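Working notes, structure below.
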There are 2 protein chains.
Amino acid sequence: MSAKQPVTMGDIARLANVSKPTVSRALSDSPLVNEETKEHVRAIARKHGYAVNRNAQKLRHKRTNTIAVSLDYQSLRRNHVADPFIFELLAGVSEVLGEENQDLLLCAPSHNNIETFQHMLASRGADGFIFLGQGHREDMLEALAKYGAPMIVWGASSEDTPYCVVGSDNFLGGVLAGQYLLQHQRKNFLFVGDTTFKEIYGRRNGLQKAIDESNQTVEVKDLALNNFSYESVFEQANIFLDNNKTYPDAIFAFNDNAAMAFIHALRLRGVSIPEDVSIVGYNDIAPTRYFNPPISTVRQDPYQAGKLLVKKLMEKLDGNTPESEVIKTELIVRET
Amino acid sequence: MSAKQPVTMGDIARLANVSKPTVSRALSDSPLVNEETKEHVRAIARKHGYAVNRNAQKLRHKRTNTIAVSLDYQSLRRNHVADPFIFELLAGVSEVLGEENQDLLLCAPSHNNIETFQHMLASRGADGFIFLGQGHREDMLEALAKYGAPMIVWGASSEDTPYCVVGSDNFLGGVLAGQYLLQHQRKNFLFVGDTTFKEIYGRRNGLQKAIDESNQTVEVKDLALNNFSYESVFEQANIFLDNNKTYPDAIFAFNDNAAMAFIHALRLRGVSIPEDVSIVGYNDIAPTRYFNPPISTVRQDPYQAGKLLVKKLMEKLDGNTPESEVIKTELIVRET
DNA sequence: AAAAATAATGAAATGCATTTCATTGAATTG
DNA sequence: CAATTCAATGAAATGCATTTCATTATTTTT
């Protein structure tokens, strides 16, 4: 048996002395076909390495069983893949889609505009979309949803988001991080991250909530990052520290990478971590566990996330209107 | 214009007062059609949000313009995505496939057997495969190649590999690492990695070559890892150090993650890095740059790798027989 | 001006599998 | 035993786009 010989359902029908419909039914295990006939047909199909042509099948069924997944490459690039969380998420989605017998079409980084996605749908290249990270594409996503594309987005939702969003509870994550830092009697807080991203804005708000609800008087500064690679955060941290005589004693960083870069910068200025400064990161990527010192962080479970994203999209494709949902985040304390 | 209205080529033909073939030709910019007619047809197609049904197209063309990409999930799992290199590679491949107008089908982790791949081909779900990391699937890959599957593998090749392999020059990487370590007058070498992986075996051989060609007398030990997650390497490092009174003074680790874990273990035993021990990792992942101390490593360029993988596969699909090729590796020295 | 070549278009066949509807023979019912 | 139901199967239509081949109108050649 080799890949060279193309066989069609008609060929199998002839070889099995039955008609095409019978082969079709036998292979899809239809109850309309006699068990013996089924086995006979299957045996012949197996022998000739026959597999139903998916393209003919998709054409007929008007359903592709294919989900297109688009990563937020734009911020990924600014990140230099330093934070592998989005890939863990992709692995989670991939695994769950496999379980659901759905194919995963990975969208190319360069084709990230609404026309591409509309075209994907109109040409029946995929039944729906999963967007990992909304990044700064919110306008596009909103327009795409209004266009009628079945889609689920990993990110943060607000009241009027016209598409279903699954995301970790950024607000809760911020609250947990804030409470943790407050427990340490810290007074000078610093939030590191670009709050023009909805997810990050949620984390910042959670932090504020925790502070407001404690009856402690603390100061909060913000460092609005414009680039997320380690080197860049390191540089921005240094500029910040140059311009601020009093160093912060509590830092909440929008991701682990930024937390590590900031620690690095502080270290080089003779600051002891975690004695002088308490730090919380976000995502629980592997290096946080072995950074010196290990970093406390907010954890989101990529497999569970993938599960939920896929489940919601399947609901949507079945004609329902799934509700946005938030996955509980948990604080991982790694005090040394 | 919304996603709801399915339009076929026949509809566009009617609306444009031409026949289906003319629409087909106009949309594929065939020279057979008058320019004005083309523009007229295109305008109507655009107006109605029409896009050619890819499934009908694939069925007719007998070519899918889809490449299935399979990651080495098995070792990925043992790795806990600690080493993001394989994802950088995936991003590279994704980018280049996009440029080539090829769709990227990401294979599910659980479906990693020859039957799945044969089925993918026979059912015309993809034209060919790119395997990222051969891992321990060599027998399967060999059988798949003999079956006739168009495929390119990222990994290491040997004389008789029956498929085209693109990979970084592991041997050269090993030589470079060895020479670097020898320059530091080190005497007790340790290689950390599982040499049953071809790629890693190549690195080990390169190290040996460098040692043999120097006229220095040095000892080389091997630590055969069985699990690659940071925690596990850390543990295995500790066991090794417990059992060896003389600590190594030169370490070449099969990847950066293992290098970092080993440094971690040594540090906790009071060993100074890089004073007492010189270390070289592999892959140049982001954390090596900001680890304390920064780690020298062997770099492979993921975009260039993706470019070459895709180019070779396209050659193969055009009926040629591309040669295996090796990408130069370079040593990144990060001495502090 | 007739013959030949060219440009532009369409009818019908094709790629492959599935669905609807009809048919056959066997089994069950009254 | 005739009438009815059921199980199993097949012929033909369908999904949508592309290709081959034929046709018409137009331009070029002699």
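Proteins get letters first, then strands, A, B, ... in listed order; numbering begins at 1 in each. Given the structure is predicted, the values throughout are model-derived calculations rather than measurements.
- Minimum atom distance to the side chain of B/Tyr50 is reached by D/dA17, of the listed D/dA17, D/dT18, C/dT18.
- Across residues 27-36 of chain B, B/Leu32, B/Val33, B/Asn34 each have a non-hydrogen atom less than 4.0 Å from an atom of DNA chain C (numbered order).
- Here D/dT18 is the nucleotide among D/dG10, D/dT18, C/dT19 with the atom lying nearest to any side-chain atom of B/His61.
- Which of D/dG15, D/dC16, D/dT18 sits closest to the side chain of B/Gln57 comes down to D/dT18.
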Every protein N/O lying under 3.5 Å from an N/O of nucleotides 11-14 of chain C:
unit_1	atom_1	unit_2	atom_2	d
C/dT14	O2	B/Arg60	NE	3.3
C/dT14	O2	B/Arg60	NH1	3.0

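- Distance CZ (B/Arg63) to P (D/dT19): 14 Å, rounded to an integer number of Å.
- In this structure, B/Phe129 has its ring center no closer than 6.0 Å to that of B/Tyr163.
- Salt bridge A/Glu323/A/Lys312: absent, no basic N to carboxylate O contact under 4.0 Å.
- The distance from atom CG of B/Asn53 to atom P of C/dA17 is 16 Å, rounded to the nearest whole Å.
- Atom NZ in A/Lys38 sits roughly 12 Å away from atom C1' in D/dA8 (whole-Å rounding).
- The existence of a salt bridge linking A/Arg42 and A/Asp29 is confirmed by a sub-4.0 Å separation between a basic side-chain nitrogen and an acidic carboxylate oxygen.
- Rounded to whole Å, the distance from CE on A/Met9 to P on C/dA17 is 5 Å.
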